[in-house]
**Student:** 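Let me begin by handing over the structure; questions about it come next.
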Amino acid sequence: QKVVGYFTAMRNFADELKKAKHSVVYFQINDKKNTQSLVENLALLIKEHNIEKFEYLSPDEYRLDQQLKGFSKDLTIDSEVFSSEHFYTEREDLSTFFKGKKQFLMENFYRDMRKKHQILMVEKQPEGGKWNFDASNRKKWKGDTLIPQEIRFDINVTNIIDDIKKAGIKTIGNINPKYFEYPISRSQALIQLAYFCEHFLVHFCYFQDAMHTDKIYFF
């Protein structure tokens, strides 16, 4: 599902950018020009479009981050990296906080961030009188609490799955190609978020760690 969702979302995003009149070059899995190598594809585009400066967003994945750093370092043109702003924290926050400490406890880091940014805080004390309510969200689901109907988007991903198979990409799990249920765009993601807040959030705090063999979707 993750692989299918990734490729579907990326193609959808490329289409949205094109509709918004942005200049987009998007290599699909089986494109003839796709060398199947990120570095080679980038070098090809730089040469083909006479690019004078290489700019990219700092990736969330370590492997990709190292790959792009190495690539930009070896370039003969200028390069610059920008924050993706995917996270509330900066990249150095964690290492800075734990520098010189003997105990690496995430709870301590969370508390520090809440104090620093005044998130769910009343002056210097946590909102509600406690730093966390972990003990409350470990309840077992016994069937007496109704699980709302999940929201589905039912997207046809037949072409994506065919391309993945042709490319020889190994995946796990089963997907109905005509009814892919997860959001693939920002607008769909916002719809899902609103639906979750309206129907699921009220019980999520109690059952967020619960799973049941009779249910595919849960809180």
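Note that this is a predicted model, so its numbers are computed, not measured. Only this structure's heavy atoms are used, side chains among them; waters, hydrogens and symmetry mates stay out.
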**Student:** Determine the sole option in Arg138, Lys139, Lys140 for which the side-chain contact (heavy atoms from CB on, under 4.5 Å) test with Phe207 is passed.
**Tutor:** Lys139
**Student:** Does the pair Asp31/Lys33 count as a salt bridge with the N-to-O cut at 4.0 Å?
**Tutor:** no
**Student:** Check for a donor-acceptor pair, side chain of His49 on one end and backbone N or O of Ile51 on the other, with a separation under 3.5 Å.
**Tutor:** no
**Student:** In this structure, would Leu75 and Leu42 fall into the same cluster of hydrophobic residues linked by side-chain contacts under 4.5 Å?
**Tutor:** yes
**Student:** Report the distance from atom CD1 of Ile29 to atom NZ of Lys166, rounding to the nearest 0.5 Å.
**Tutor:** 10.5 Å
**Student:** Quick test of your reading of the model: are Arg11 and Glu16 salt-bridged, counting only N-O distances below 4.0 Å?
**Tutor:** no
**Student:** Would you say Gln28 and Asn34 are linked by a side-chain donor-acceptor pair, where the criterion is simply a distance under 3.5 Å?
**Tutor:** no
**Student:** Would you confirm whether Gln188, through its side chain, and Ile184, through its main-chain N or O, come within 3.5 Å as a donor-acceptor pair?
**Tutor:** yes
**Student:** Angle between ring planes, Phe200 versus Tyr195, binned at 30° and 60°: parallel, tilted or perpendicular?
**Tutor:** tilted
**Student:** Mark yes when over 12 heavy atoms from residues, nucleotides or ligands other than Asn174 sit less than 6.0 Å from its CG; otherwise mark no.
**Tutor:** no
**Student:** Would you say OH of Tyr62 has more than 12 non-hydrogen atoms from neighbouring residues, nucleotides or ligands within 6.0 angstrom?
**Tutor:** no
**Student:** Answer yes when Asp15 and Lys19 have at least one side-chain N-carboxylate O distance shorter than 4.0 Å, and no when they do not.
**Tutor:** no
**Student:** Between Lys101 and Phe97, is NZ or CZ placed under 6.0 angstrom from the six-membered ring centre and within 45° of the ring axis?
**Tutor:** yes
**Student:** Using distance alone, with no hydrogens and no angle criterion, decide if Thr35 and Ser37 have a side-chain donor and acceptor under 3.5 Å apart.
**Tutor:** no
